[in-house]
Amino acid sequence: ETGVTQTPRHLVMGMTNKKSLKCEQHLGHNAMYWYKQSAKKPLELMFVYSLEERVENNSVPSRFSPECPNSSHLFLHLHTLQPEDSALYLCASSQAREPSNIQYFGAGTRLSVL
Amino acid sequence: DQQVKQNSPSLSVQEGRISILNCDYTNSMFDYFLWYKKYPAEGPTFLISISSIKDKNEDGRFTVFLNKSAKHLSLHIVPSQPGDSAVYFCAASAAGKSTFGDGTTLTVKP
């Protein structure tokens, strides 16, 4: 496999469920990102891990919990979500400290919270 | 306050003609500017970038122009092809961190 892979591609969950989104990159990068894309809104940066250390947490509610066990894997743990959390969740990776910050994205997980 | 803006949510052009997508920014600390392209059911893919020390970068049919005094950049696609129909995101980076615009949906009609 190459590039950035996200699973699952689609997820429907109730507000009381606990689920996890997974991202894996095979590009040898050392920075990984979670973004949220809601309809008619810009990409919202949620979390950044650089060299496996969380370097950014953009005021994201605690019902979203990221985990980066190594430089190739990134998880987003979800619990007690709200309907307004329904969105496309995108994972990306890049080379840390590379000035242009070119990011490589996965296809995303389309999340629906009922 | 949105630091990167794409004021046109959509653009429609005829095949073979030029497509011009625009982007404005407010932060003068941005040192790289990038364009990404997104097809439905896929993640954004990097298209072309430009350093703040340049005013033009060209890659095949794609050219990005940067006007620092106006804090404006544009992406020119010529000639436009139906396969170019997608959402185009402008992004600006500073200190290795990127900020994205809302995106412009380009439709190229055969």
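Atoms considered below: every heavy atom in the structure, side chains included; atoms not considered: hydrogens, waters and symmetry mates. Proteins get letters first, then strands, A, B, ... in listed order; numbering begins at 1 in each.
There is a path of hydrophobic side-chain contacts, each under 4.5 Å, that joins A:Leu76 to A:Val60. Residues B:Ile20 and B:Val4 fall into different hydrophobic clusters, defined by Ile, Leu, Val, Met, Phe, Trp and Tyr side chains chained together at heavy-atom separations under 4.5 Å. Under the 4.5 Å side-chain heavy-atom criterion for Ile, Leu, Val, Met, Phe, Trp and Tyr, B:Leu11 and B:Phe62 are members of the same hydrophobic cluster.
Residue A:Glu84 qualifies as enclosed at atom CD: its count of foreign heavy atoms under 6.0 Å is above 12. Within 6.0 Å of CD1 in B:Ile53 there are 12 or fewer heavy atoms belonging to other residues, nucleotides or ligands. Heavy-atom neighbours of B:Arg17 CZ from other residues, nucleotides or ligands within 6.0 Å: at or below the threshold of 12.
In this structure, chain A has a heavy atom under 4.5 Å from the side chain of B:Tyr32, while its backbone stays farther away. Contacts of B:Lys97 with chain A are made by both backbone and side-chain atoms, with heavy-atom separations under 4.5 Å. Interface remark: A:Ile102 contributes backbone and side-chain atoms alike to the contact with chain B (heavy atom separation under 4.5 Å). For A:Arg9, the part sitting under 4.5 Å from any heavy atom of chain B is the side chain, from C-beta outward, and nothing else. In this structure, no portion of B:Gln6 lies under 4.5 Å from any heavy atom of chain A. Using a 4.5 Å cut-off between heavy atoms, B:Tyr39 makes no contact with chain A at all.
The minimum heavy-atom distance between B:Asp31 and A:Pro99, with the atom names listed, is OD1-O, 4.2 Å.
The structure places CZ of B:Phe46 at 6.5 Å from OG of A:Ser100, a figure rounded to the nearest 0.5 Å. A distance of 10.0 Å separates NZ in B:Lys38 from CZ in A:Phe105, rounded to the nearest 0.5 Å.
By the 4.5 Å heavy-atom criterion applied to side chains, B:Pro44 and A:Leu90 are counted as neighbours. Under the 4.5 Å side-chain criterion, counting only non-hydrogen atoms from C-beta, B:Phe100 is not in contact with A:Gln37.
With hydrogens and angles ignored, the 3.5 Å screen pairs a side-chain donor or acceptor of A:Asn101 with a backbone N or O of B:Ser98. A donor-acceptor contact shorter than 3.5 Å links the side chain of B:Tyr36 to the backbone of A:Gln103.
For the set B:Ala41, B:Gly101, B:Gly103, B:Ser49, the entry with the most heavy-atom pairs within less than 4.5 Å of chain A is B:Ala41. The candidate with the highest count of non-hydrogen atom pairs below 4.5 Å against chain B, out of A:Val48, A:Leu88, A:Leu43, A:Leu45, is A:Leu43.
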